[in-house]
Amino acid sequence: RVIEVRDNGAGFPSELLPRLGEPFLTTRPTQRSAGLGLFIMRGVIDAQGGALELENAPEGGAVVRFRLRAAAT
């Protein structure tokens, strides 16, 4: 299963793309963000056997993709 979310904003800073998901990495002022959101998301998704993919769309904007295993029936 794949869930994909796209926006039409500026996208992710290209120099940070390889590091997105590291703990305490933030582009916001530290008073507003601890930089743990993507780190926690990645941990939860990885623990379920899935994957979190972050990239910039060629036409602009950010792409966040969750790849999840299908539930056992």
Please say yes or no: joined through hydrophobic side-chain contacts below 4.5 Å, possibly via intermediate residues, are [X] and [Y] part of one cluster?
{"X": "V64", "Y": "L38", "result": "yes"}
{"X": "I40", "Y": "L20", "result": "no"}
{"X": "V2", "Y": "L68", "result": "no"}

- Query: How close do S14 and P18 get, heavy atom to heavy atom, and via which atoms?
  - Reply: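 So the minimum-distance heavy-atom pair works out to O-CD, 3.8 Å.
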- Task: Drop me the distance from R19's CZ to L17's CG, to the nearest 0.5 angstrom.
- Result: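 Between atom CZ of R19 and atom CG of L17 there are 11.5 Å.
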Just distance, no hydrogens or angles: give the donor-acceptor pairs under 3.5 Å from side chains in residues 47-63, sequence neighbours left out.
residue : atom : partner : partner atom : Å
E53     : OE1  : R65     : NH1          : 2.8
E53     : OE1  : R67     : NE           : 3.4
E53     : OE2  : R67     : NE           : 2.7
E55     : OE2  : R65     : NH2          : 3.4
N56     : OD1  : F12     : N            : 2.6
N56     : ND2  : F12     : O            : 2.9
E59     : OE2  : R6      : NH1          : 3.2

- Query: Which residue pairs pass the side-chain hydrogen bond (donor to acceptor under 3.5 Å, both in side chains) test with at least one member in residues 36-46, sequence neighbours excluded?
  - Reply: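 Sorted result for residues 36-46: empty, none.
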- Message: Just so I know, are the side chains of F24 and L36 near enough to count as touching, which here means a heavy-atom distance under 4.5 Å?
- Response: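 Side chain of F24 against side chain of L36, heavy atoms only: contact under 4.5 Å found.
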